[in-house]
Amino acid sequence: MNNQSFTRWTAGLDADSVAQALAAMGVLLGGMWRYDGSVEGIARRLTEIQDSAAGDAIVWRDAAALEEYPIEAASLAEGWRMFLRRKRNALRLHVAPFPDTDALHLAKMLSRPAVEADSVYISKELKSPNERWHWPLRVGFLPDAESRRVMEQVRAASTTHMWGEDLLTLVDIGPTEQRCDLLLLPHDLRRAVSHVLAQDVGLQASCLVVTGTPAAAAEMQVLLQVLEEQTGANAIALAGVEPPITGDWFVDGLMREISHDSPFDLALANAMRSHAEGAFHFLMANDEWLNNARLSTMATTLRAQLERAELAMETVELDYDLAVRLSLPSPSRPLHELWTVPESFRGETHEATTFAKFTRAIAPKLREVPEVPTERRLQAQVFPVVDEGETQPLRRFRNHSLHRIDLRIAPPDEDWIVAGERFPEELLQPSKTGHTLTFIVTEPLLSPD
């Protein structure tokens, strides 16, 4: 926000009221305003926005582009307090900041107890598309001494909370192992970057959790960007957890929350409240990743894998205790009979451990039988660029007109113009970050080749 106008706007308010006004302003901006100007109208509009989210995160937009603020801060704060008395779902704030915003300061303001946000996270670019976590969760540790001490803390906590041994696989990051789902870095932010840069491996991690102190705002953005680029992480969390409790906080706090199917932002916030009340935490995450990392999403993905036609004749040998957990008549089962099993995994008591055991049991067979690739073709839809807002795709170009062409590579669809041959995906090299393809439009009669 413009500091001068922001200071005038909040004059006379205490810190809690400023945070409440800030929360209300950003949520109204994210919800495209539409309020009647009264305190009651503000509260009613905030309630409408949260109800429409239905438990998902609410977009909070920075007012940095505004020179003047159209509602008095005192009215917004009062409207926010009225809204809090009516809210029915968890209040998750997805912050879409303006460039050059001090994201850490903003997150701290919106995380004040007076705002009553259940979680706050900063929007982040998706670095590794289509990435999903695996169960048991692969938690990585670098070779430095502090990381090794915390690794042993996590191991000990997993023994104390026995379900932890089923949910976690601890990974030594080094020359023979460069990938993990979550990389735990028990360092301040600057030293975390130093240790990551010291790795002479192609380090890849879906999520980073840094448990030391953050850096100054002036360098924090640069340090986070280095971590992101070096690991391809889709989420980076900072959590002010002291070394003596790091292992228990991670297993009995964060992992317990994740195993109950909480989105990562809520899991992190709840773990801090239960094990490190009052300590700072900060999260940058991508919405698609937050959904893909949930237990229920992973169960849905596993079900789709089990329905693959090429697995119809395959059999898997389950552990006897696992067969009893799943109410199966015998441990040796055809895979095609198990496709309904993941439907029940939604994170209640014991389901996460059962899901992890089930995933571990069938993973070798899923890897052994390669997936038959779906036939995908280059496709296009053509739209006229006109003021009337015509939205129906065209089957041919119009003379002397502007057009928009939407392109995709997907299974054939009758609503799209489909190429006559399959797209040769096998010619592309494997990549976690996708590929940039160049399309050239030609007139076939003039350029038949």
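Note that the structure is predicted; figures quoted are calculated from it, not measured. Start at 1 with the first residue, then count along the sequence.
- The nearest pair of heavy atoms linking W416 to D406 is CZ3-O, 3.5 Å.
- Of all heavy-atom pairs spanning H94 and A57, the tightest one is CB-CB, 3.8 Å.
- Under the 4.0 Å criterion applied to side-chain N and carboxylate O atoms, K87 and E116 are not assigned as salt-bridge partners.
- With hydrogens and angles ignored, the 3.5 Å screen pairs no side-chain donor or acceptor of E277 with any backbone N or O of S274.
- Using a 4.0 Å cut-off between charged nitrogen and carboxylate oxygen, E152 and R149 do not count as a salt-bridge pair.
- Closest approach of A117 and R273 over heavy atoms only: O-NH1, 4.1 Å.
- Under the ring pair (Phe, Tyr, Trp, His ring centres under 6.0 Å) criterion, no residue pair touches residues 231-259, with sequence neighbours excluded.
- Summarising the geometry of I405 relative to A380, their closest heavy-atom pair is CG2-CB, 4.2 Å, with the distance given to 0.1 Å.
- A centroid separation of less than 6.0 Å is found between the aromatic rings of W289 and F264.
- Atom CZ of R61 is surrounded by 12 or fewer heavy atoms from other residues, nucleotides or ligands within 6.0 Å.
- The shortest heavy-atom contact between A73 and A21 is O-CB, 3.4 Å.
- Scanning all heavy atoms of the two residues, the minimum distance from N234 to E125 falls at OD1-O, 4.3 Å.
- The side-chain contact (heavy atoms from CB on, under 4.5 Å) test applied to E165 returns S158, T159, not counting sequence neighbours.
- Using a 4.0 Å cut-off between charged nitrogen and carboxylate oxygen, R86 and E40 count as a salt-bridge pair.
- Q50 places no side-chain N or O within 3.5 Å of a backbone atom of L46 that could act as its donor or acceptor partner.
- Under the side-chain contact (heavy atoms from CB on, under 4.5 Å) criterion, R360 pairs with P136, T169, not counting sequence neighbours.
- In this structure, S128 contributes its side chain and G232 its backbone to a donor-acceptor pair below 3.5 Å.
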